[in-house]
Amino acid sequence: MAGGITAAALCLFAATTALADQPAEWQIDLQPHATPVMEQVRWFNHYTLWFIVPITLFVLALLIIVVVRFRASANPVPSRTSHNTLIEVVWTVGPVLVLFFIAIPSFNLLTYELVVPDKPDLTVKATATQWQWNYEYQGAPKPVAFDSYLLKDQDRASAGKEDHKIYPRLLAVDNEMVIPVGKTVRLLVTAAPTDVIHSFAMPSFGVKIDAVPGRLNETWFRADREGLFYGQCSELCGKDHAFMPIAIRVVSDDKYNSWLTAAGADLGAANKALMAQTDAPAKSAVLAENVTK
């Protein structure tokens, strides 16, 4: 029995790699970071709360004091004071200092996020159309380009994506973008010439950039952990705007190289082979749960 429990624990531990980063019910914070950029975004979000919360409480206290102390019944003869030098200096200098302490890390974060490293390990072009994404891998041994559509419920069984925890409804796609962990990815984003503006957004990566017809925007990211990550088009692009998800699968370097080589010849077979390797821990977790029972 002890051996079964130990095996179950090991399987459950391994199963964490198969879970996907996606929105959670009653979520009030940003998604867990998977890149250095998102790590700094989360830090900056928490940092600003140290200013926002005290200011909000201070203003609330002032409003309560004004309502209670200076209401008509308690203060029938209002003061005619029109100027107070000390108060005017405080409410001018105070906000300037607050903005100063917020601006400096904000500018540093924007610079870090928008300046693409000189020598990226990989370049992927994402082209948006109503309502799908097309990915092109530059520098691959064989040309690798494919469309990524919303995964329909009737196609789940044939795609082998029936687990809603890993492949959630309205977020899962038929073909995910695949990238290696720990590598710098240069992302080129645009939209079809005759299309509208879209927006490539991946919350766990700290990436959100517009896809504009006739214009090539670029950004970058470096995923620090493996997994399956979900985002969506974040620009109102038409009637099916809500059905234009983005899925990125981050895998080890050797798995990525094997997938890239196979994808040039048969994308479907390459995806299924990669799923068999990355989704296996999730099936082991189900087996482990049965063992403990």
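All values reported here derive from a predicted model rather than from experimental measurement.
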For this session: Indicate if Val173 and Leu150 have the same hydrophobic cluster label, given that clusters are the connected sets of ILVMFWY residues with side-chain heavy-atom separations under 4.5 angstrom.
Result: no

Exercise. Considering all heavy atoms of both residues, which atom of Pro36 and which atom of Arg222 are nearest to each other, and what is their separation?
Worked result: CG-NH2, 3.0 Å

For this session: Going by the side chain to side chain contact (heavy atoms under 4.5 Å, CB included) test, name the single residue among Val124, Leu274, Thr278 that passes it with Val178.
Result: Leu274

Exercise. Taking all non-hydrogen atoms of both residues, which atom of Lys208 and which atom of Ser199 are closest, and how far apart?
Worked result: NZ-OG, 3.7 Å

Problem set entry | Backbone N/O of Ser258 and side chain of Thr261: donor-acceptor pair under 3.5 Å | no

For this session: Spell out, as yes or no, whether a donor-acceptor pair under 3.5 Å connects the side chain of Arg186 to the backbone of Glu218.
Result: no

Exercise. side-chain hydrogen bond (donor to acceptor under 3.5 Å, both in side chains): which pairs involve residues 94-123, sequence neighbours left out?
Worked result: none

Exercise. Under a single-linkage definition using a 4.5 Å side-chain heavy-atom cutoff for Ile, Leu, Val, Met, Phe, Trp and Tyr, are Tyr135 and Phe221 assigned to the same hydrophobic cluster?
Worked result: yes

Exercise. Any side-chain heavy-atom pair from Pro180 and Val251 closer than 4.5 angstrom?
Worked result: no

Exercise. Is there a side chain to side chain contact (heavy atoms under 4.5 Å, CB included) between Ser148 and Asp174 once you walk through the steps?
Worked result: CA-CA 6 Å; Ser148 181; Asp174 55 354; 4.2 Å; yes

Exercise. For Asn175 and Asn271, does a side-chain donor sit closer than 3.5 Å to a side-chain acceptor?
Worked result: yes

Problem set entry | Cluster overlap Phe101 with Phe107, hydrophobic side-chain contacts below 4.5 Å | no

Exercise. After noting the C-alpha distance and the side-chain angles of Leu122 and Lys183, does the key distance pass the side chain to side chain contact (heavy atoms under 4.5 Å, CB included) rule?
Worked result: CA-CA 7 Å; Leu122 172 67; Lys183 300 295 185 180; 5.7 Å; no

Exercise. Residues in side-chain contact (heavy atoms from CB on, under 4.5 Å) with Val96, at least two apart?
Worked result: none

Exercise. In Å and rounded to the nearest 0.5 Å, what is the OG1 to CD distance from Thr127 to Gln132?
Worked result: 10.0 Å

Exercise. Taking side chain as C-beta onward, heavy atoms only, is Thr35 less than 4.5 Å from Trp220?
Worked result: no

Exercise. Between His241 and Cys233, which heavy-atom pair has the shortest distance, and what is it?
Worked result: CE1-O, 3.0 Å

For this session: Indicate the atoms forming the closest heavy-atom contact of Gly231 with Leu171, along with that distance.
Result: O-CD2, 4.1 Å

Exercise. Where the side chain of His33 meets the backbone of Gln31, is there a donor-acceptor pair that is under 3.5 Å apart?
Worked result: no

Problem set entry | Working for side chain to side chain contact (heavy atoms under 4.5 Å, CB included), residues Leu228 and Tyr167 | CA-CA 9 Å; Leu228 190 53; Tyr167 303 102; 3.6 Å; yes

Exercise. Going by atom types alone, do His46 and Asp29 pair a side-chain donor with an acceptor below 3.5 Å?
Worked result: yes

Exercise. Which pair of heavy atoms, one from Cys237 and one from Ile197, lies closest together, and at what distance?
Worked result: CB-O, 3.8 Å

Exercise. Nearest 0.5 Å, what's the CD1-OG1 distance between Ile55 and Thr48?
Worked result: 10.5 Å

Exercise. Which value, rounded to the nearest 0.5 Å, describes the distance between Ile64 atom CD1 and Leu60 atom CG?
Worked result: 4.0 Å

Exercise. When rounded to the nearest 0.5 angstrom, what is the spacing between CE in Met275 and CD in Glu176?
Worked result: 7.0 Å

Exercise. Between atom CD1 of Ile52 and atom CD1 of Ile102, what is the distance when rounded to the nearest 0.5 Å?
Worked result: 6.5 Å

Exercise. Is any NZ, NE, NH1 or NH2 atom of the basic residue among Asp266 and Lys272 found under 4.0 Å from an Asp or Glu carboxylate oxygen of the other?
Worked result: no

Problem set entry | Minimum side-chain heavy-atom gap Phe200-Val207 below 4.5 Å | yes

Exercise. Is the backbone of Asp253 close enough, under 3.5 Å, to the side chain of Asn257 for a donor and an acceptor to pair up by distance?
Worked result: yes

For this session: Check whether any side-chain heavy atom of Met202 sits under 4.5 Å from a side-chain heavy atom of Ile246, and report yes or no.
Result: yes

Exercise. Just how far is it from atom CG of Leu86 to atom CH2 of Trp91, taken to the nearest 0.5 Å?
Worked result: 10.5 Å

Problem set entry | Linked, directly or transitively: Met244 and Met177 (ILVMFWY side chains, under 4.5 Å) | yes

Exercise. Side-chain contact, heavy-atom cut-off 4.5 Å: Pro245 with Tyr230?
Worked result: no

Exercise. Can you check whether Tyr137 and Trp259 have ring centres sitting under 6.0 Å from each other?
Worked result: yes

Exercise. Ignoring hydrogens and geometry, is there a side-chain-to-backbone donor-acceptor pair from His198 to Glu235 under 3.5 Å?
Worked result: no

For this session: Name the orientation class of the two ring planes belonging to Phe51 and Tyr47 (parallel below 30°, tilted from 30 to 60°, perpendicular beyond 60°).
Result: perpendicular

Exercise. Side-chain contact, heavy-atom cut-off 4.5 Å: Arg169 with Arg156?
Worked result: yes

Seminar exercise, completed: Scanning both residues in full, the closest heavy-atom pair of Ala192 with Pro213 reads O-CB, 3.4 Å

For this session: Determine whether Lys125 and Leu216 make a side-chain contact, defined as any pair of heavy atoms from C-beta on separated by less than 4.5 Å.
Result: yes

Exercise. Hey, are the side chains of Met38 and Ser204 touching, using non-hydrogen atoms and a 4.5 Å cut-off?
Worked result: no

Exercise. Are a donor atom and an acceptor atom from the side chains of Asp155 and Tyr149 found within less than 3.5 Å of each other?
Worked result: no

Exercise. Side chain of Arg71, backbone of Val68: donor and acceptor closer than 3.5 Å?
Worked result: yes

For this session: For side chain to side chain contact (heavy atoms under 4.5 Å, CB included), just list the numbers for Asp240 and Gln130, CA-CA rounded to whole Å, side-chain angles, deciding distance to a tenth of an Å, and then say yes or no.
Result: CA-CA 8 Å; Asp240 285 340; Gln130 293 177 321; over 6 Å; no

Exercise. When clusters are formed by joining ILVMFWY residues with side-chain heavy atoms under 4.5 Å apart, either directly or through shared neighbours, do Ile179 and Phe146 land in the same one?
Worked result: yes

Problem set entry | Side chain Thr190, main chain Ala211, donor-acceptor under 3.5 Å | no

For this session: Mark yes or no for whether Asp210, through its side chain, and Val212, through its backbone, hold a donor-acceptor pair below 3.5 Å.
Result: no

